[in-house]
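Structure record follows, encoded as C-alpha cells.
Each chain gets a letter, A, B and so on, in the order its sequence line appears, and its residues count up from 1. Here the structure is a predicted model, which is why all the values come from computation and not from measurement.
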Amino acid sequence: MNRKIYLSVFLVALVIGLMVALQFRTTNSIEQGVPLSRSQELSVELNQLITEKKQLESEIEDLIQKIQQTTKGQAEAKEVLTEELKKTRLGAGLTAVSGPGIEITLDNPSAGQNKGPGDTIFAIRDEDLLRLVNELNGAGVEAMSINGQRILATSEIRWAAPFINVNLTRIAPPYHILAIGAPKNLTSALEISGGLAEYLQSLGAQVRIQSYENLTVPGYTAPIEFRYAKPTKGD
Amino acid sequence: MGILAWVIILGGLAIGVLVGLNVPFLIPQLYAKYLSVAILAALDSVFGGVRAAMEDSYDNTIFLTGFFSNALLAAGLAFIGERLGMDLYLAAVVAFGVRLFQNLAIIRRHLLKK
C-alpha cells in the first residue's frame, strides 16, 4: 500500500516538474518573441496577404497577356496602316516612282527650221500638253511628270504667258515628259497615224519619243491641303 | 511520512524539471495556454491530496485519477473553448484557482492546529 502511494506521489511530482519546466521554457521563449495573440493576428494577416498576392499575381499575368495581345494587334495594325499609307501616297503621286516608260521631248520649232510662213508663230501651248497628258492617261500611264513636275489629279497645266504653269510652277521649253507605263502602248498611242505626235510635228514642233527600261518620276513635294472638301461619314 | 517521502517528492520534482529543461522540443506557443491551465489543475489536485492526507481521508486512486483527469479536462476545456471562440480557459483558471486557495487555506489551518 505504502509503495503504491510513494509511486503515485513520485509520478505526480515528476509530471508536475516536467510540466512546470516545459511551461517555463515555453513562456520564456514567448517573451523573447512576440506575444501569442499578436502572432496569431500576424499569421492570419500573412495568410490573407498570401492569398491576395496570389490573386494579384494571376491578375498580373492576365494583364500581361492582354498587353501582349494588344501590342501584337497594334503592330499588325501599324503594319497594315503603313502599307495602306504607302499605297495611298503612291496613288496620290507623293512618292517618286521608277519603272519602264518613255520620255517625250517637245520643243518649239527652231528659227532655222521654218517650213512655211505661219510656222514661226507656232509655239507649244498648254492645250498641246493637256492633250498629251490626256492621251497618255488613255494609254494606261501610271505616273508622269512634266519638267520635273509630277502630274496629280489636281495638277493644272495652264497658259500664263509667256510660260506654262504646272503645279503653280513655271516651265519652259523644251518640255520633257516622263511617263511610266508599258512603253509600247504609250509610244503607239502617240505615234498612231493621225495621232498627237504627227499633229505636233505637222505644226513644226520637235517631237522625240524614247523608251527606257527604267525611268524615275519624281514625287509631288508641296503640301496638299483640303480646305473645303471633307470626307463623307460613310467612309 | 518520513524523510523517504520528501526524498521521493523532491527527487521526482528534480527529475521532472531536469527532463523538462533538457527536452529538445518546446511546446508550440498555441498550446502553451493549455499547458498552463493543466499545470494549474494539477497543482490544485496536489494540494487537494495534501489536504486529504491531513484530514486522513487520502485515497490513492482518487488522487491519481483526479490529478490526471483534472489536468487533461482543464486543457481539453480550454482547447474546446478556443475552438468555440470562448475564453473557456478563464473559467478553468478561476475554478481551479479558487479551489487551490481554499485547499491552501485548509492546509494552513491544519498546520496551525497542530
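For the options A:L11, A:I16, A:L22, A:V12, heavy-atom pairs under 4.5 Å to chain B are most numerous at A:V12. Chain B forms more heavy-atom pairs under 4.5 Å with one residue of A:V9, A:L18, A:V20 than with any other, namely A:L18.
Side-chain contact between A:N137 and A:M144 is present, with at least one heavy-atom pair separated by less than 4.5 Å.
In this structure, the portions of B:I39 lying under 4.5 Å from any heavy atom of chain A include both its backbone and its side chain. For chain B, no part of A:L7 is nearby; none of its heavy atoms comes within less than 4.5 Å. Residue contact with chain A, scored on non-hydrogen atoms closer than 4.5 Å, involves the backbone and the side chain of B:V19 alike.
The backbone N or O of A:I102 lies less than 3.5 Å from no partner atom in the side chain of A:Q210, so there is not a single donor-acceptor pair.
Every pair passing salt bridge (charged side-chain N to carboxylate O under 4.0 Å, His left out) that includes a residue from residues 96-107 of chain B is listed here, sequence neighbours excluded: B:D44-B:R99.
Counting non-hydrogen atoms of neighbouring residues, nucleotides and ligands closer than 6.0 angstrom, the CD1 atom of A:I192 reaches no more than 12 such neighbours.
In summary, A:E57 and A:K54 do not engage in a salt bridge, as defined by a charged side-chain N under 4.0 Å from a carboxylate O.
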